[in-house]
Amino acid sequence: MRSALADDIWAARALAIEVELRMEESYPPVRIVFGSDAVLVEDGPGEAPALRVSGALSDLVALLVAPVLGGVPNPMNPRGRAALGMVASCRVRIEGGLGQMRSFLRVIRL
(Lines give C-alpha, C1' and ligand atoms only; values in the text may rest on other atoms or scores of the structure.)
Protein backbone atom coordinates (compact mmCIF):
# COMPACT_ATOMS: atom_id res chain seq x y z
CA MET A 1 0.00 0.00 0.00
CA ARG A 2 1.39 3.41 -0.99
CA SER A 3 1.63 6.23 1.52
CA ALA A 4 -0.04 9.62 1.08
CA LEU A 5 3.41 11.16 0.49
CA ALA A 6 4.12 8.66 -2.30
CA ASP A 7 0.76 9.54 -3.87
CA ASP A 8 1.60 13.26 -3.67
CA ILE A 9 5.04 12.72 -5.24
CA TRP A 10 3.45 10.68 -8.02
CA ALA A 11 0.90 13.47 -8.58
CA ALA A 12 3.69 16.08 -8.83
CA ARG A 13 5.57 13.98 -11.39
CA ALA A 14 2.41 13.37 -13.39
CA LEU A 15 1.49 17.06 -13.53
CA ALA A 16 4.13 18.04 -16.13
CA ILE A 17 2.91 21.58 -16.82
CA GLU A 18 4.14 25.15 -16.66
CA VAL A 19 2.30 27.49 -14.30
CA GLU A 20 2.58 31.27 -14.08
CA LEU A 21 1.60 33.13 -10.92
CA ARG A 22 1.04 36.82 -11.63
CA MET A 23 0.65 39.30 -8.77
CA GLU A 24 -1.16 42.62 -9.21
CA GLU A 25 1.41 44.42 -7.08
CA SER A 26 4.81 45.31 -8.47
CA TYR A 27 6.22 41.82 -7.88
CA PRO A 28 7.58 39.93 -10.89
CA PRO A 29 5.55 36.95 -12.09
CA VAL A 30 6.65 33.52 -10.90
CA ARG A 31 7.16 30.63 -13.30
CA ILE A 32 6.77 27.07 -12.01
CA VAL A 33 7.61 24.14 -14.28
CA PHE A 34 6.72 20.63 -13.12
CA GLY A 35 8.93 18.01 -14.75
CA SER A 36 9.22 14.28 -14.18
CA ASP A 37 12.35 14.64 -12.04
CA ALA A 38 12.33 18.23 -10.80
CA VAL A 39 10.26 21.32 -10.17
CA LEU A 40 11.71 24.61 -11.42
CA VAL A 41 10.60 27.80 -9.67
CA GLU A 42 11.93 31.10 -10.94
CA ASP A 43 11.10 34.78 -11.25
CA GLY A 44 9.80 35.80 -14.64
CA PRO A 45 6.89 35.15 -16.96
CA GLY A 46 6.08 31.70 -18.23
CA GLU A 47 7.21 30.73 -21.72
CA ALA A 48 3.99 28.91 -22.60
CA PRO A 49 2.05 28.38 -19.36
CA ALA A 50 -0.76 25.84 -19.44
CA LEU A 51 -2.13 27.51 -16.31
CA ARG A 52 -2.00 31.19 -15.33
CA VAL A 53 -3.26 32.34 -11.92
CA SER A 54 -3.39 36.06 -11.19
CA GLY A 55 -4.56 38.33 -8.40
CA ALA A 56 -3.32 40.23 -5.37
CA LEU A 57 -0.46 38.47 -3.57
CA SER A 58 -2.54 38.02 -0.40
CA ASP A 59 -5.39 36.45 -2.41
CA LEU A 60 -3.04 34.07 -4.23
CA VAL A 61 -1.50 32.97 -0.94
CA ALA A 62 -4.97 32.44 0.57
CA LEU A 63 -5.95 30.26 -2.41
CA LEU A 64 -2.75 28.22 -2.35
CA VAL A 65 -2.92 27.46 1.39
CA ALA A 66 -6.68 26.84 1.63
CA PRO A 67 -7.62 23.29 2.60
CA VAL A 68 -8.66 21.31 -0.46
CA LEU A 69 -11.14 18.53 -1.06
CA GLY A 70 -10.70 16.73 -4.36
CA GLY A 71 -8.30 19.42 -5.57
CA VAL A 72 -10.81 22.24 -4.95
CA PRO A 73 -10.88 24.57 -1.93
CA ASN A 74 -12.96 22.81 0.70
CA PRO A 75 -16.35 24.58 1.01
CA MET A 76 -16.84 23.04 4.48
CA ASN A 77 -13.87 25.04 5.81
CA PRO A 78 -14.01 28.84 6.30
CA ARG A 79 -10.66 29.34 4.51
CA GLY A 80 -11.83 27.10 1.67
CA ARG A 81 -15.07 29.09 1.31
CA ALA A 82 -13.08 32.34 1.31
CA ALA A 83 -10.81 30.98 -1.45
CA LEU A 84 -13.81 29.90 -3.54
CA GLY A 85 -15.30 33.36 -3.03
CA MET A 86 -12.13 35.01 -4.32
CA VAL A 87 -12.34 32.95 -7.51
CA ALA A 88 -16.10 33.50 -7.91
CA SER A 89 -15.71 37.28 -7.47
CA CYS A 90 -12.75 37.34 -9.93
CA ARG A 91 -10.33 38.60 -7.29
CA VAL A 92 -8.29 35.57 -8.35
CA ARG A 93 -8.38 34.82 -12.07
CA ILE A 94 -7.55 31.41 -13.50
CA GLU A 95 -6.67 30.87 -17.15
CA GLY A 96 -6.32 27.23 -18.15
CA GLY A 97 -8.04 23.95 -17.50
CA LEU A 98 -9.97 23.26 -14.32
CA GLY A 99 -8.38 19.82 -14.08
CA GLN A 100 -4.92 21.37 -14.25
CA MET A 101 -5.85 23.85 -11.51
CA ARG A 102 -7.16 21.06 -9.30
CA SER A 103 -3.94 19.08 -9.79
CA PHE A 104 -1.83 22.19 -9.16
CA LEU A 105 -3.66 22.99 -5.90
CA ARG A 106 -3.17 19.42 -4.73
CA VAL A 107 0.54 19.37 -5.55
CA ILE A 108 1.50 22.88 -4.39
CA ARG A 109 0.77 21.82 -0.82
CA LEU A 110 3.74 19.39 -0.69
- Message: Test: salt bridge (charged side-chain N to carboxylate O under 4.0 Å, His left out). Region: residues 32-44. Which pairs qualify, not counting sequence neighbours?
- Response: R31-E42
- When clusters are formed from ILVMFWY side-chain contacts under 4.5 Å, directly or step by step, what else is grouped with M76? none
- Task: Quick one: closest heavy-atom pair of L15 and F104, and the distance?
- Result: CD2-CA, 4.1 Å
- Item | Cluster check L98, V87: I/L/V/M/F/W/Y, side chain < 4.5 angstrom | no
- Message: Contact between E18 and L51 at the side-chain level, heavy atoms closer than 4.5 Å - yes or no?
- Response: no
- Query: Out of curiosity, does L57 fall in the hydrophobic cluster containing I32 (side-chain heavy atoms, cut-off under 4.5 Å, transitive links)?
  - Reply: yes
- Query: How close do A66 and A83 get, heavy atom to heavy atom, and via which atoms?
  - Reply: CB-CB, 3.8 Å
- Kindly give the heavy-atom pair with the smallest separation between V65 and R79, and that separation in Å. O-NH1, 3.8 Å
- Query: Is L63 close to M101 at the side-chain level, that is, under 4.5 Å between some pair of heavy atoms?
  - Reply: yes
- Would a 4.5 Å heavy-atom cut-off, applied to side chains only, mark L105 and P73 as touching? yes
- What pair of heavy atoms forms the shortest contact from E20 to P29, and how long is it? CG-CB, 4.2 Å
- Only pairs at least two apart or in different chains count here, so list each salt bridge (charged side-chain N to carboxylate O under 4.0 Å, His left out) that has a residue in residues 54-72. D59-R91
- Task: Provide the closest heavy-atom pair for E47 versus P49 in the form atom of the first, atom of the second, distance.
- Result: C-CD, 3.8 Å
- Item | Minimum side-chain heavy-atom gap R52-V19 below 4.5 Å | no
- Item | Spatial distance of atom CD (E25) from atom CG (L60) [nearest 0.5 Å] | 8.0 Å
- By the rule that ILVMFWY residues connect when side-chain heavy atoms come within less than 4.5 angstrom, directly or transitively, which residues belong alongside L84? V72
- Task: Please go through V33's hydrophobic cluster and name the other residues, only I, L, V, M, F, W, Y counting, with side-chain heavy atoms under 4.5 Å joining them.
- Result: L40
- Reported CZ-to-CG distance for the pair R102 and L69, which is rounded to 0.5 angstrom: 9.0 Å
- For residues L21 and L64, determine if any side-chain heavy atom of one lies less than 4.5 Å from a side-chain heavy atom of the other. yes
- Item | R81 side-chain N/O to P75 backbone N/O, donor-acceptor pair under 3.5 Å | yes
- Query: Which residues pass the side chain to side chain donor-acceptor pair (under 3.5 Å) test with R93, sequence neighbours left out?
  - Reply: E24
